Amino acid sequence: MRLSSYFLPTLKNSPREADTISHRLMLRAGMIQQSSTGIYSWLPLGFKVLKRIEQIIREEQNAAGWNEMLMPTIQPAELWYKNNCYNDYGPEMLRITDRHKHNMLYGPTNEWQITDIFKKHIHSYKKLPSRLYHIQWKFRDEVRPRFGVMRGREFLMKDAYSFDIDRETAKINYNRQFMAYLRTFNRLGLKALPVNADSGLIGGKMNHEFVILADKGESEVFCQKDWLNADVNIDKFDYNENLQPVVDSYLKRYSATKARHDPVNCPIELGNLINLPCIEVGHIFYLGNKYSEPMGARVTCPNGRKKVVHMGSYGIGISRLVGAIVEAYNDKNGIVWPEKIAPFHLGLINLSVDDMTCRTASEDIYTKLCSAGVDILMDDSYYRPGVKLAIMDLIGLPWQIVVSPRHAVNKIVEIKNRRTGKREEISVEEVLTRFAPANQALT
RNA sequence: CGGGGUGUAGCGCAGCCUGGUAGCGCAUCUGCUUUGGGAGCAGGAAGUCGGCGGUUCGAAUCCGUCCACCCCGACCA
């Protein structure tokens, strides 16, 4: 992509409305634009990141054995009449009346809807387990949205659901998602901690939050110190094996959210306990019969009797993740994207567009890397060098290639690693061998 | 939902107290100069001063009211 034809409205000053660092940077980098409180338009750069994250999540959900589908954003209110949920949900639910005076709502979550779909089609234990997920926008009319996309009212979420014959088999799916989450966050370049919320309860509801550590996180986690250096390298495992031992190996370490942490009964001695700010990015639940029972989601068992299915639901806040990642990865000059989710893998800066040598070299590199499948943003603008460098730092692409009159005559360019700031002068030929995907795992 | 704060050019802000023809920086447009960290000079364009009502000869400024947005708390992916 050429910067000259890319919609990238960067800002030198951040708008007054933004206070949180990730919010400011996302506005300044031209990623998002606020529409109203907690509701944003995603401009091309932000949209690209959103899609990258979405795709990694999708691949991992598929790998874990879930079926992708899509449920609507607008739901009929009748779905929520069970157990008086429609009334109990309160003002957080955005209620809509259509022209026929039917009560509708913009879905804050999809448990009722998915259960409705399940029960209409699945009637036998032989069809279990059943695993479905979708990636869709949700709306919760929060009392106070804040932190930009980290806590919006409209948000993109991956929500997966599982249906099983009993608690034990439901646990298998729960463990699958647990591992899928570790893999997903790992691929996103994030160190995510599963936070055991209800560690002591047996047979009751079970749920884990996944949080990433960030200096200005909105919540806090209490955990064992060795979590921080824990090996989250989970490349080698088989979803069809018994995952319980692996999951247990992660859960043996203590972790709790601020709200759930009990300093009196904490099993960890103080010296081994650490308290850190974090952001919640995922949540998995074993739901039991909470939705299946009132909805009448039952299957016929081998003995001919009907049985209410056991459900699980598993969410990842995708739009929130974008903000959370920016919150975790930035420096004084701007965003510093982890390579796997960067909107472009590298930025090619032609410092002097009028210089024919620079232009020829830039076009040459651009053409060759593009055809090699590298996703590049080339700054072919007439901005001054200082502006170009500042913008490239701001939008945080992992690598920068600088073509300047200083070096271009000698077929040399400068490459800079955005994270380390380390610069290196290499030949044009070497650029190709270094950044083409055949030689380096960039994608 | 309680408490605090802000609405003036695309962005950041001054002006308001003490009413009198709308200002500054950056961005943008034109020209010249400059060219490795958000340039310099000169010129230009751009505003129903959040909306409505009131006071006044005259309102960005004073009064009333409504709206939008931000921050702190309680609450959530």
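Fair warning: this is a prediction, and the values are worked out from it, not measured in the lab. Note on naming: letters A, B, ... go to the chains in the order of the sequence lines (proteins, then strands), and numbering restarts at 1 for each one.
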Touch class at under 4.0 angstrom, heavy-atom based, for A:S14 against every strand present: sugar-phosphate
Spacing of A:R153 atom CZ relative to B:rC70 atom P, expressed in whole Å: 9 Å
A:R406 bridged to A:E414 by N-O distance under 4.0 Å: no
Test: A:D248 and A:K252 ion pair at under 4.0 Å: no
Residue mapping more 5' on RNA chain B - nearest nucleotide basis, A:D354 or A:K388: A:D354
Sugar-phosphate, base or nothing in reach of A:K158, heavy atoms under 4.0 Å: nothing
Value in whole Å for how far the P atom of B:rG37 lies from CE of A:M392: 16 Å
B:rC32 pairs with, by Watson-Crick or G-U criteria that keep both distances under 3.5 Å: B:rG40
Closest to side chain of A:L389, choosing from B:rC75, B:rG36, B:rG38: B:rG36
Of the listed nucleotides B:rU28, B:rC11, B:rC75, the one nearest the side chain of A:R146: B:rC75
A:D393/A:K416 ion pair, N-O < 4.0 Å: yes
B:rU28 and B:rC16, which share atom name C1', separated by this distance in whole Å: 29 Å
base_contact_polar (B:rG37 base, A:R423 side chain, donor-acceptor, <3.5 Å): yes
Integer-rounded Å distance: B:rC70 P and A:I21 CD1: 18 Å
Whole-Å gap separating P (B:rC76) and CE (A:M150): 18 Å
Polar pair under 3.5 Å, donor/acceptor by atom type, side chain A:D393, base B:rG37: yes
Atom C1', compared across B:rG20 and B:rG2: separation rounded to whole Å: 42 Å
Selected nucleotide, minimal atom distance to A:E17 side chain, candidates B:rC69, B:rG73, B:rU28: B:rC69
P-based separation of B:rC70 from B:rC11 [nearest Å]: 15 Å
B:rC71 to B:rU33 separation - P atoms, rounded to the nearest Å: 47 Å
Side-chain donor/acceptor of A:S292 to backbone N/O of A:V309, under 3.5 Å: yes
Proximity to RNA chain B (any heavy atom under 4.0 Å), residues of residues 310-321 of chain A only: A:R320
Nearest-Å distance for atom pair CG/C1', residues A:L351 and B:rG37: 10 Å
Spacing of the P atoms in B:rC49 and B:rC29 (rounded, Å): 27 Å
Interatomic distance, A:R384 CZ vs B:rA39 P [rounded to whole Å]: 6 Å
Nucleotide nearest A:K12 (side chain, heavy atoms from C-beta), chosen from B:rG12, B:rG36, B:rC26: B:rC26
Rounded distance in Å between the P positions of B:rG23 and B:rG47: 14 Å
Watson-Crick or G-U wobble mate for B:rC26, both contacts under 3.5 Å: B:rG10
Value in whole Å for how far the P atom of B:rG38 lies from CG of A:D379: 15 Å
Whole-Å C1' distance, B:rG51 and B:rU34: 47 Å
Salt bridge present between A:R418 and A:D331 (N-O < 4.0 angstrom): yes
A:Y314 and A:W66 aromatic ring geometry - parallel, tilted or perpendicular at 30°/60° bounds: perpendicular
Who pairs with B:rC76 - Watson-Crick or G-U, where each distance is under 3.5 Å: none
RNA chain B contacts among residues 25-54 of chain A, heavy-atom distance under 4.0 Å: A:R28, A:Q34, A:S36, A:T37
Salt bridge A:E424-A:R434, side-chain N to carboxylate O under 4.0 Å: yes
A:F163 and A:F118 aromatic ring geometry - parallel, tilted or perpendicular at 30°/60° bounds: parallel
Mutual orientation of the aromatic rings belonging to A:F237 and A:Y239 [parallel < 30°, tilted 30-60°, perpendicular > 60°]: perpendicular
Identified pairing partner of B:rC62, criterion: Watson-Crick or G-U wobble below 3.5 Å: B:rG54
Watson-Crick/G-U partner (both atom distances under 3.5 Å) of B:rU18: none
Which residue lies more 5' along RNA chain B, comparing A:G282 with A:R144 via nearest heavy atoms: A:R144
Nucleotide forming a Watson-Crick or wobble pair with B:rG47, both distances under 3.5 Å: none
C1'-based separation of B:rC32 from B:rG37 [nearest Å]: 24 Å
Heavy-atom donor-acceptor pair, A:R16 side-chain to B:rC71 base, under 3.5 Å: no
Ionic contact status for A:K411 with A:E430, cut-off 4.0 Å: no
Shortest side-chain distance from A:V143, nucleotide among B:rC1, B:rU28, B:rG36: B:rC1
Sole candidate of A:Y250, A:F210, A:Y174 that passes ring-ring contact (aromatic ring centres under 6.0 Å, His included) when paired with A:Y181: A:F210
d(CZ, A:R406; C1', B:rG36) in whole Å: 5 Å
A:N175 versus A:Q244, side-chain donor and acceptor atoms under 3.5 Å: yes
